[in-house]
Chemist: 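Take this structure first; my questions come after.
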Amino acid sequence: NAGVTQTPKFQVLKTGQSMTLQCAQDMNHNSMYWYRQDPGMGLRLIYYSASEGTTDKGEVPNGYNVSRLNKREFSLRLESAAPSQTSVYFCASGTGANYGYTFGSGTRLTVV
Amino acid sequence: AQSVTQLDSHVSVSEGTPVLLRCNYSSSYSPSLFWYVQHPNKGLQLLLKYTSAATLVKGINGFEAEFKKSETSFHLTKPSAHMSDAAEYFCVFLNWARDDKIIFGKGTRLHILP
């Protein structure tokens with residue numbers, strides 16, 4: 001099925017541990033995004049990639065790194081997880097304003 | 001600075017009455033605007049989008065929105081609310097002429113009263 005696939009769906013980490021959230025899309029979209037969603041804050045952009053080989057910081061990039069591995073895949077890495085990074089993370093992809101953007105189903109991350 | 005503001009964090013309406021969710025934007029360039037809906041513990045679904053064609057945009061599930069440049073607004077409306085409309089709604093802004101960054105409003109939670 002076409003769409004955006006995120007893995008894992010749930011994760012619990014201890015403070016200081018590292019992990020990578022994976023995102024893949026099969027719609028041949030140029031742009032990919034990582035957001036975090038926290039109550040009352042809406043979705044805040046962490047990083048985005050306008051095309052393969054490029055990445056840019058969003059609103060809340062501190063504590064995160066990203067890799068645009070190829071056109072399909074855009075991963076988000078937490079090098080040393082902190083409780084403040086407890087959130088729901090969404091990956092999205094799009095190919096321009098005329099088509100809207102497709103979101104993955106989210107990763108619920110808890111850092112204890 | 002580019003931004004999008006949803007004017008109400010919560011809106012309550014009775015079933016069968018009209019819905020109005022307000023969104024204003026700030027941009028020096030002509031934006032693209034979207035409304036997304038998120039049902040509890042679900043992902044985000046595109047309701048409708050404005051991309052400089054018709055200013056009145058019709059979306060899914062009976063929703064529509066009107067782009068008003070003079071008021072820098074893109075309010076979401078529905079003539080008659082249904083219980084299944086209870087969800088969180090996000091106004092989303094894209095300044096396609098400048099960069100490819102999409103920015104979310106903080107969301108409006110819509111409550112439907114029986």
Chemist: Flag yes if B/M83 and B/V11 sit in one hydrophobic cluster, no otherwise; membership is Ile, Leu, Val, Met, Phe, Trp, Tyr, and two members link when side-chain heavy atoms are under 4.5 Å apart.
Modeler: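 Linked within one cluster.
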
Chemist: How about B/F104 and A/F103: are their ring centres within less than 6.0 Å of each other?
Modeler: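 For B/F104 and A/F103, the ring centres are under 6.0 Å apart.
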
Chemist: Check whether A/Q37 gets within reach of chain B through its side chain, its backbone, both or neither, counting any heavy atom under 4.5 Å.
Modeler: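 Side chain of A/Q37 only, per the 4.5 Å heavy-atom cut-off to chain B.
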
Chemist: Side chain, backbone, both or neither: which part of A/L45 has a non-hydrogen atom closer than 4.5 Å to chain B?
Modeler: side chain

Chemist: Mind checking whether B/I60 and B/L48 sit in one hydrophobic cluster, side chains of I, L, V, M, F, W, Y counted as touching below 4.5 Å?
Modeler: yes

Chemist: Output the option from B/Q38, B/K42, B/Q45 having the highest count of non-hydrogen pairs under 4.5 Å with chain A.
Modeler: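 Looking at each option in turn, the highest pair count goes to B/Q38.
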
Chemist: So what's closer than 4.5 Å to chain A heavy atoms on B/Q6: side chain, backbone, both or neither?
Modeler: neither

Chemist: Give, for atom CD1 of B/I103 and atom CG of A/L43, the distance between the pair rounded to the nearest 0.5 Å.
Modeler: 12.5 Å

Chemist: Measure distances from A/R44 to the heavy atoms of chain B and classify the residue's part below 4.5 Å as side chain, backbone, both or neither.
Modeler: neither

Chemist: Of all the heavy-atom pairs spanning B/K106 and A/M41, show the shortest one and how long it is.
Modeler: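 That would be CG-O, 4.1 Å.
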
